[in-house]
Amino acid sequence: MAGAIITGSSRGIGRAVARRFADDGYDVIINYRNNAEMATSVAETIDRETSREARVVKADVSDPGDAEALITTSVEELGSIDHLVNNAGIDQHVYTEQLPPTDFDRILDVNVNGAFNVTKAALSYLRESAVPEGPSITNISSILAYTGAPIECHYAASKAGLLGLTKSHARDFAPTIRVNAVAPGHIETDMTADRTPAEANRERQQIPLGRFGQPEDIADAVAYLRDAGFVTGETLNVNGGELMR
Ligand code: NAP
């Protein structure tokens, strides 16, 4: 039986990725930081509607102790860890002049240190994985890693940092564990729900495919990378053509 951990899977992209893994035959860990009710509901839906099992584990990925506890509990629940998706992330919109250094640090702590903490804790278990496609780590970056963003410099910096982490770990952990990233464009989740209709309209016009992405669009990309046995150190851009060059 194969198992996967998806951090930040109580809602949004993480929830869709967890569901996709369960649909594809993996038992999954639903991780959250605050929303116990939503995490439980995701797990109950997976248990009810798929043939696989989901277990809920609360952990703040930015805390190395929590990250280790997340992995220990996951191994107890799943038996093995075969795939890790570092999806948990936070965003904040503030101009640099008004941005307190503690807020800058918090975004980096969750988005970059969080992926590092969980990866480090999971490493020895991933190395033992015997799944035919080979174990994998997928980090969820962002289109803003390439373009930057005027009122979220810390978020863009964190997502660019994740791309460096991805390539470094792809080299470090080869040939056993493949490590890749997905860089989503605008995906409709709580994280992007604060746009006014006018702002959303302006953003949509920048997307050649004429729509915002759905969490399932990112789940498709993560599933591809999970199974892509000759792909490591790569970033899959999923943005409706917004970044086309
Ligand atoms: P979301 O709807 O806001 O969900 C965020 C998830 O992360 C929630 O499950 C949340 O748990 C969890 N989380 C936050 N901080 C955490 C922490 N310290 N420890 C553990 N879990 C934590 O966000 P989303 O839009 O699905 O985004 C998922 C990932 O995709 C993020 O890394 C984000 O940066 C990236 N991304 C999103 C977009 C987009 O357009 N939506 C674009 C590019 C990249 P709780 O429910 O308990 O708070």
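Start at 1 and go down the list; that is how both ligands and their atoms are numbered. Predicted, not measured: the structure shown is a model, and the values here were computed from it.
- Counting only N and O atoms by type, the side chains of D109 and N113 include a donor and acceptor under 3.5 Å apart.
- Judged by distance alone, the side chains of N35 and S10 never bring a donor and an acceptor atom under 3.5 Å apart.
- Remark: D194 engages no residue in a salt bridge (Lys or Arg N to Asp or Glu O under 4.0 Å) (not counting sequence neighbours).
- Grouping Ile, Leu, Val, Met, Phe, Trp and Tyr by side-chain contacts under 4.5 Å, direct or through others, puts V222 with I6, I13, V17, F21, Y26, V28, I30, Y32, V42, I46, V56, V85, I140, V182, I187, I218, Y224, L225, V231, L236, V238.
- The shortest distance between side-chain heavy atoms of R19 and E49 falls below 4.5 Å.
- Near ligand 1, heavy-atom contacts under 4.0 Å come from G8, S9, S10, R11, G12, I13, N31, Y32, R33, N34, N35, A59, D60, V61, N87, A88, G89, I90, R106, V110, I140, S141, S142, Y155, K159, P184, G185, H186, I187, T189, D190, M191, T192.
- The ring-ring contact (aromatic ring centres under 6.0 Å, His included) pairs that include a residue from residues 190-223 are H186-F212, where partners are two or more places apart or lie in different chains.
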